[in-house]
Q: 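First the structure, which I've put down as C-alpha cells, then a few questions once you've had a look.
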Amino acid sequence: MEPFVLATEHVRLSVPTYADVDAIAAACQDPAVAEWTVVPVPYERRHAESFVGYHVAEGWAKGSVYTWAVRAPGDADGPLIGMVGLTNEGTPAEERAGELGFWMTPDARGRGLCTEASRLVLDWALDPEGLGLSVVSWVAYVGNWASRRVAWRLGFQLEGTLRRHGLQRGVRRDAWVGTLLPEDPREPNEPWPADAPGRQVVPGR
Ligand SMILES: CC(C)(COP(=O)(O)OP(=O)(O)OC[C@H]1O[C@@H](n2cnc3c(N)ncnc32)[C@H](O)[C@@H]1OP(=O)(O)O)[C@@H](O)C(=O)NCCC(=O)NCCS
C-alpha cells in the first residue's frame, strides 16, 4: 500500500522519511522511550536510518506494518513529534488482527496528541471500508501508566496481565494487554483504576 496522510486540526500523520532520521534518533535518546519500548539501547543514527529505510518502507510495501510520523497540523510535513505504528497480521483469507504502538517526543506529551493520532489510525484500521481488522491489541509493560491511559481513553478493554509476555532486548517483562473491536465505543469502558496514578476522570470526558 502507498503511504497516506491522516489528519485532524491538531495533528498530521504522514510516513516518516530520511528527513526525519535525526529527529527520530534524538527522540529515541529519551529514557522513557528506552524504558517502555523495544528500541535498541544505545540508540544510534544508523538505527533510525534502518527504521525508515527498511522497517517503515517494507512495512508499507508488504502491508505488514503501517507507520506514521506524528507532526503538527499543516499542509506540509513539519517536524516529527511522535510515531504511531499498526501491525497487520493474517492472510487475506483470514480475519485479520493488528497491534497498536506509539511514542511521543517529551515536549509533545500530555496534550492528548498521542490519543488523537492513535484514534485516527484506529478509525481507519477498524473500518470495514478501511483496513477492516477484526481486533486491535495494545500491549504495554506493567507500570506504563501513560500508555495505559491512552489505551483507556481510546476504548481498549483491559484483558489483564500476561506474565513475561513482552520481550525487550532479550528480557521478558510482564505486560498489560488490551483489545479494541470494531463495534466497541471509542471511549473509556470502565472507571480509571482508583489506585492508579493520574487524574480521576469518569468515562465520557
Ligand atoms: C505513552 C505516551 C506515548 C503518551 O503520550 P502523550 O502525548 O502524553 O499522550 P496523551 O497526551 O494523548 O495522553 C496521555 C494521558 O496519560 C496521562 N498520563 C501521562 N503520564 C501518566 C502517568 N505516569 N500516570 C497516569 N497517567 C499519565 C496524561 O495525563 C494523559 O491523560 P488524559 O488523557 O486524561 O489527559 C508517552 O508518554 C511516551 O512516549 N512514553 C514513552 C514511550 C511509551 O511508553 N510508548 C508506549 C509503549 S506501550
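Just so you know, ligand 1 is whichever comes first in the structure, and atom 1 is the first atom listed for that ligand.
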Q: Taking 4.0 angstrom as the limit and counting only heavy atoms of Val150, give me the atoms of ligand 1 inside it, by number and element.
A: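 Numbered from 1, ligand 1 contributes 4 (C), 9 (O), 13 (O), 14 (C).
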Q: By number and element, which atoms of ligand 1 are closer than 4.0 Å to a non-hydrogen atom of Gly110?
A: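 Answer, ordered by atom number: 6 (P), 7 (O), 8 (O), 11 (O).
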Q: Are the side chains of Thr87 and Ser64 in touch, meaning some heavy atoms are under 4.5 Å apart?
A: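 Side chain of Thr87 against side chain of Ser64, heavy atoms only: no contact under 4.5 Å found.
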Q: Give the numbers and elements of all ligand 1 atoms closer than 4.0 Å to a heavy atom of Thr115.
A: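 Going through ligand 1 atom by atom, the ones under 4.0 Å from Thr115 are 10 (P), 12 (O), 13 (O).
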Q: May I ask you to list the residues sharing a hydrophobic cluster with Tyr54, side-chain cutoff 4.5 Å, ordered by chain and number?
A: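 In the cluster with Tyr54 there is nothing else; it is isolated.
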Q: Pull out every atom of ligand 1 sitting under 4.0 Å from any heavy atom of Trp103, numbered as shown with elements.
A: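 By the 4.0 Å cutoff, the relevant atoms are 3 (C), 39 (O), 42 (C).
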Q: Above 12 or not: heavy atoms from other molecules or residues under 6.0 Å from CZ of Arg169?
A: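 For Arg169, atom CZ is crowded (more than 12 foreign heavy atoms under 6.0 Å).
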Q: Is Arg153 touching ligand 1 with its side chain, its backbone, both, or neither, if touching means heavy atoms under 4.0 Å apart?
A: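 The answer is the side chain of Arg153.
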Q: What are the atoms of ligand 1, with element, lying closer than 4.0 Å to any heavy atom of Ala140?
A: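 Checking each atom against Ala140, I get 48 (S).
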Q: Side chains of Arg71 and Leu13: closer than 4.5 Å at any heavy-atom pair?
A: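 Of all side-chain heavy-atom pairs linking Leu13 with Arg71, none is under 4.5 Å.
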Q: Identify which of Val39, Thr105, Asn144 has a heavy atom lying nearest to atom 44 (O) of ligand 1.
A: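 Result: the heavy atom closest to atom 44 (O) of ligand 1 is in Asn144.
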Q: Taking the six-membered ring for Trp and the single ring otherwise, decide whether the centroids of Trp145 and Trp192 are under 6.0 Å apart.
A: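 Yes.
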Q: Against heavy atoms of Arg149, which atoms of ligand 1 measure under 4.0 Å?
A: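 Close to Arg149: 15 (C), 16 (O), 17 (C), 30 (C), 31 (O), 32 (P), 34 (O).
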Q: Step through it carefully: locate the ring centre of Trp68, locate the ring centre of Phe4, and say whether they are under 6.0 Å apart.
A: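 Centroid distance Trp68-Phe4: below 6.0 Å, so yes.
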Q: Give the atom numbers and elements of ligand 1 that come within less than 4.0 Å of a heavy atom of Trp36.
A: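 Those qualifying, in numeric order: 43 (C), 44 (O), 47 (C).
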Q: Ion pair present between Arg186 and Asp123, side-chain N to carboxylate O less than 4.0 angstrom?
A: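 Here Arg186 pairs with Asp123 in a salt bridge, since their nearest N and O are under 4.0 Å apart.
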Q: Enumerate donor-acceptor pairs with a distance under 3.5 Å from any side-chain N or O in residues 124-141 to protein atoms, sequence neighbours excluded.
A:
unit_1	atom_1	unit_2	atom_2	d
Asp127	OD1	Glu129	N	2.8
Ser134	OG	Glu95	OE1	2.7
Trp138	NE1	Ser147	OG	2.8

Q: Taking the side chain as every heavy atom from C-beta outward, state whether Pro185 and Asn189 have any atom pair closer than 4.5 Å.
A: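 SC-SC contact between Pro185 and Asn189 ruled out.
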Q: Report yes if some N/O of Gly112 lies less than 3.5 Å from some N/O of ligand 1; otherwise report no.
A: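 Min N/O separation from ligand 1 is below 3.5 Å for Gly112.
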Q: Taking 4.0 angstrom as the limit and counting only heavy atoms of Cys114, give me the atoms of ligand 1 inside it, by number and element.
A: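 This gives 3 (C), 5 (O), 6 (P), 7 (O), 9 (O), 12 (O) as the contact atoms.
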Q: Quick check: does any side chain N or O of Gln168 sit under 3.5 Å from a backbone N or O of Thr37, one acting as donor and the other as acceptor?
A: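 Yes, Gln168 side chain to Thr37 backbone: donor-acceptor pair under 3.5 Å.
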Q: Could you tell me whether Thr37 and ligand 1 have an N or O pair separated by under 3.5 Å?
A: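 No, there is no polar N/O contact under 3.5 Å.
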Q: Counting heavy atoms only, which part of Arg111 comes closer than 4.0 Å to ligand 1: side chain, backbone, both or neither?
A: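 Backbone only; the side chain of Arg111 stays clear of ligand 1.
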Q: Examine Arg109 against ligand 1 and note whether any of their N/O atoms are separated by less than 3.5 Å.
A: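 N/O-N/O distance under 3.5 Å: yes.
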Q: Any non-hydrogen atom of Val139 lying under 4.0 Å from ligand 1?
A: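 True for this residue.
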Q: Checking the N or O distance criterion of under 3.5 Å, is ligand 1 in contact with Met104?
A: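 Between Met104 and ligand 1 (N or O atoms, distance only) the closest approach is under 3.5 Å.
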